[in-house]
Amino acid sequence: MAINEQLVAEKKNSNWAIRPLVSEEVYTDREEHLEYLYNAALDAIGRRTTSTVLLGQRRMGKTEIFKRVVNRLFFEQDHLDPNAVVPVYYSFKDEPLDRWEFAIGYVENFLRWYAAFRLREPSILSPDSVSRDGLSELIKARLEVPEGLAGALNFMRFLQKKDVTTPEDKAVTLPRRISDWDESTIVMFLDEFQNTRLPQYNFSIVGFMQEAVESPTCPHFVTGSAMSILAKEILGRGSLFGRFRSHPIEPMTNYWGAQLAFNASSYHRVRIEEKMLPVLADRCGRNPFYITAVIQQAAEQDKPIVSEETLNEILAVDLSSGFIWAELNDQVTKWIERINEYGITKWVLYLSAIEEGDRLDLDRIQKKLAEREGKVVPMDTIRDVLIKLSRGDLLQYMELGGWFKKIDDPILLEFLKVWGRIEVEGQDRATVQNDLRTQYQTIKRRIYDHRGYLAEVYIAQILWTGQNKTLPGTFFHSKEDITLPWHFSYVKLRSRFGSGKGMEIDVEGGAGKERWICESKWWVGRKVGIAEVESLMRKGNILKDEVGEGLRILRLWFFAHDGFTEEAEALMLKNSVLWSVREDLNGLLECLGLRGLPELVDEQVN
């Protein structure tokens, strides 16, 4: 059976209209975003939804979220209900199109989704199943065609005859025209929206989108892989400014990053020590793509991840020749091909990556560039190149201050240094890879107490997941149940009060007038005593003094794997310090639907 025929056959028996890229065994977290967009789409039935942008850095799983929400809308609604939401997915192409090709493709895609949903037949989405010419006949023969949809079929015929003025305008506003006319509900899911701003379209789309996205009957959900273009140039100014509600997507929490590493390692049959799961997530910046890539590289190398040293070695290989290299090299190469007007873009990007500080020193870049180019490049030219690089999310441009800084993506920064040596300086790839492995093998451990850090990750997730919930006081050794704030502004791991010794806070949560300070001791065969409790209380007093009258509620919470001495328990009871042991923490995790603490095979007395 041919591949296309096989896909059509699979669709007939699947629960997806558009295939997700990540297997169910691996897919982790993102429930917050899935539920938000799904419920927002359903709320459009009551005309309570505005157009929304899912905004975040590259490789955070935005496209996967869109596909999964579309699939839920496709299969979890009654498709025969005239009030049901018709979901439509479209991805703006990264290839040159003229206005007629775009308009015909956009309208054809819309009609396919409309018919496929109303008939509950995903195969209609495939041109291998239904041709463009056959699509109109299918709709007329098998659907009750309301007046708005009938107009859309006529419009498709006009487009093919090129008998339309400004076809791109009429194409992008078509879904709204139908939903308004028929008093139906359509939700457009538009992916890679930044491509509407790039040179492959020599005609305007964004300007015509204003009318389309303002419809209460047809809200548009958009996302894309170039956050700077999307946020600053398309939605942050011009005709679409103020037309979208922003829904940000951040890196995964340490807990969910560790859970993804666990799921991916099970799926790819990679052995990884439980205590290394959150370490891997942290090392990868809690980015789902990087986490999965490292696991895949470990599988390819048949190398278990049992220490930071082995993790760093696997990461070094992947950065220089593996999955991460392939993905990032493609991103960088494509972007430079678009903007390399002056022929110096590669050098400017590489020099910005190897800058010592976070803020870029343009004078130093100009000087280094002169050493390599043999001439002084005007500062205006360097600034222009840097601005164009920032549009591709390869560095950050702080427009109000007029200065530049490195991108907040540690793996991308490491890649750019490796890429520069190979692609810009022309060094031998094998030599660069070996140098990187040597460098990574000598890196100091980022986390010395892996067991303690593991507990901190679980504690932090209890705070995040427990927001606006009341938890049983018994798990905190409190007579009263404990209600967590409705929303934490932040939950930080291993923050510090000043530079003094012993001023590190394992977990700190901030919720306006309420703060949480949490201490974690995964000591095996040893109980926590008065000295450690007094240390936590001192940190609480310091925080009170620093924050002042703005602090109304301060929660001190101590976790000790093997418990506390009687004297320590008495001191905590007297001073209203919450405390938990392993069984208590597992109880809290179970209450919140989270995975319990793992049993570590190497547990020993500290």
Side-chain angles (χ1 to χ4, degrees), residues 250-261 273-287 290-291 307-309 311-312 315 358 408-411 443-467 484-485 488-511 514-524 528 531-544 546-547 554-561 577-580 582 585 588-589 594 597-598 600 606:
E250 302 288 344
M252 306 178 93
T253 65
N254 296 77
Y255 171 89
W256 286 118
Q259 187 64 38
L260 172 60
E273 296 283 351
E274 287 264 11
K275 65 183 181 182
M276 292 305 302
L277 293 171
V279 179
L280 189 157
D282 176 75
R283 190 75 175 85
C284 292
R286 295 173 286 125
N287 181 300
Y290 297 147
I291 293 169
S307 65
E308 280 199 50
E309 290 72 24
L311 170 60
N312 286 334
L315 185 55
D358 186 46
D408 184 19
D409 184 336
I411 298 297
I443 288 178
K444 290 183 178 179
R445 291 175 68 175
R446 292 160 63 98
I447 300 167
Y448 282 91
D449 178 14
H450 291 142
R451 288 175 294 158
Y453 183 69
L454 182 64
E456 293 161 26
V457 166
Y458 277 76
I459 290 169
Q461 192 61 43
I462 287 173
L463 297 185
W464 280 125
T465 308
Q467 292 176 115
L484 272 66
F488 279 103
S489 301
Y490 63 82
V491 176
K492 299 177 183 178
L493 297 181
R494 303 200 170 183
S495 56
R496 294 189 65 85
F497 285 150
S499 57
K501 184 178 180 181
M503 286 295 101
E504 184 176 77
I505 300 175
D506 291 342
V507 182
E508 178 190 0
E514 182 172 348
R515 298 284 187 91
W516 283 64
I517 295 180
C518 312
E519 190 80 14
S520 168
K521 300 293 183 187
W522 193 309
W523 291 348
V524 179
V528 168
E532 290 76 28
V533 175
E534 289 177 338
S535 174
L536 174 61
M537 292 169 57
R538 279 196 300 272
K539 294 172 187 177
N541 290 331
I542 292 172
L543 181 63
K544 287 180 182 177
E546 283 192 358
V547 177
L554 175 63
R555 297 282 196 185
L556 302 180
W557 181 20
F558 209 134
F559 165 73
H561 185 274
V577 176
L578 307 176
W579 56 276
S580 307
R582 181 187 178 101
L585 210 62
L588 289 168
L589 292 166
L594 300 172
L597 292 172
L600 301 182
N606 281 44

Novice: Taking the side chain as every heavy atom from C-beta outward, state whether Pro251 and Tyr290 have any atom pair closer than 4.5 Å.
Specialist: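 The answer is no; the side chains never approach within 4.5 Å.
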Novice: Check whether any side-chain heavy atom of Leu594 sits under 4.5 Å from a side-chain heavy atom of Thr465, and report yes or no.
Specialist: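 Contact flag for Leu594/Thr465 side chains = yes.
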Novice: Quick one: are Ile462 and Leu585 in side-chain contact, heavy atoms under 4.5 Å?
Specialist: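 Result yes, sub-4.5 Å side-chain heavy-atom pair found.
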Novice: List the atom of Leu280, the atom of Ala261, and the distance in Å for their closest heavy-atom pair.
Specialist: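 Looks like CD2-CB, 4.3 Å.
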Novice: Evaluate the criterion side chain to side chain contact (heavy atoms under 4.5 Å, CB included) for residue pair Glu250 and Arg286; output intermediate values, then yes/no.
Specialist: CA-CA 9 Å; Glu250 302 288 344; Arg286 295 173 286 125; over 6 Å; no
Novice: Side chains of Glu456 and Ser520: is there a donor and an acceptor less than 3.5 Å apart?
Specialist: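 There is no such pair (donor and acceptor under 3.5 Å, judged by atom type) between the side chains of Glu456 and Ser520.
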Novice: Taking atom CD of Glu308 and atom CG of Asp282, what is their separation to the nearest 0.5 Å?
Specialist: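 One gets 8.5 Å once the value is rounded to the nearest 0.5 Å.
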Novice: Of the non-hydrogen atoms in Ile411 and Arg283, which two are nearest, and what is the gap between them?
Specialist: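 Distance-wise, the nearest heavy atoms are CD1-O, 3.6 Å.
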Novice: Can you measure from CG (Asn541) to CG (Leu536) and round to the nearest 0.5 angstrom?
Specialist: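 With rounding to 0.5 Å, CG (Asn541) is 10.0 Å from CG (Leu536).
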Novice: Considering all heavy atoms of both residues, which atom of Gly257 and which atom of Met252 are nearest to each other, and what is their separation?
Specialist: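 The pair with the smallest heavy-atom distance is N-CB, 4.0 Å.
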Novice: What's the shortest heavy-atom distance between Gly466 and Leu484, and which atoms?
Specialist: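 For Gly466 and Leu484, the tightest heavy-atom pair comes out as O-CB, 3.3 Å.
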Novice: Show your reasoning for whether side chain to side chain contact (heavy atoms under 4.5 Å, CB included) applies to Leu597 and Trp522.
Specialist: CA-CA 11 Å; Leu597 292 172; Trp522 193 309; 4.0 Å; yes
Novice: Please round to the nearest 0.5 Å and tell me the distance separating atom SG of Cys518 and atom CZ of Arg555.
Specialist: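 With rounding to 0.5 Å, SG (Cys518) is 11.0 Å from CZ (Arg555).
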Novice: For Leu556 and Val533: C-alpha separation, side-chain torsions, deciding distance, then whether side chain to side chain contact (heavy atoms under 4.5 Å, CB included) applies.
Specialist: CA-CA 10 Å; Leu556 302 180; Val533 175; over 6 Å; no
Novice: Can you give me the closest heavy-atom contact between Gly452 and Arg494, atom names plus distance?
Specialist: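 The answer is C-NH2, 4.1 Å.
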Novice: Roughly how far, to the nearest 0.5 Å, is the CG atom of Leu277 from the CD atom of Gln259?
Specialist: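 It is 8.5 Å, given to the nearest 0.5 Å.
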Novice: Distance check, rounded to the nearest 0.5 Å: Glu519 atom CD versus Lys539 atom NZ?
Specialist: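 Answer rounded to 0.5 Å: 4.0 Å.
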Novice: Would you compute the distance between atom OH of Tyr255 and atom CH2 of Trp464 and round it to the nearest 0.5 angstrom?
Specialist: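 Between Tyr255 OH and Trp464 CH2, I get 15.5 Å after rounding to 0.5 Å.
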Novice: So if I apply the side chain to side chain contact (heavy atoms under 4.5 Å, CB included) rule between Ile459 and each of Val491, Val507, Leu493, which one comes out positive?
Specialist: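 The option that passes is Val507.
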Novice: Quick check: do Leu588 and Phe559 have side-chain heavy atoms less than 4.5 Å from each other?
Specialist: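 Sidechains of Phe559 and Leu588: no contact.
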Novice: Looking at every heavy atom in both Glu274 and Leu454, which two are closest together, and how far apart are they?
Specialist: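 Minimum heavy-atom contact is O-CD1, 4.1 Å.
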Novice: Check step by step if side chain to side chain contact (heavy atoms under 4.5 Å, CB included) holds for Arg515 and Leu554.
Specialist: CA-CA 5 Å; Arg515 298 284 187 91; Leu554 175 63; 4.1 Å; yes
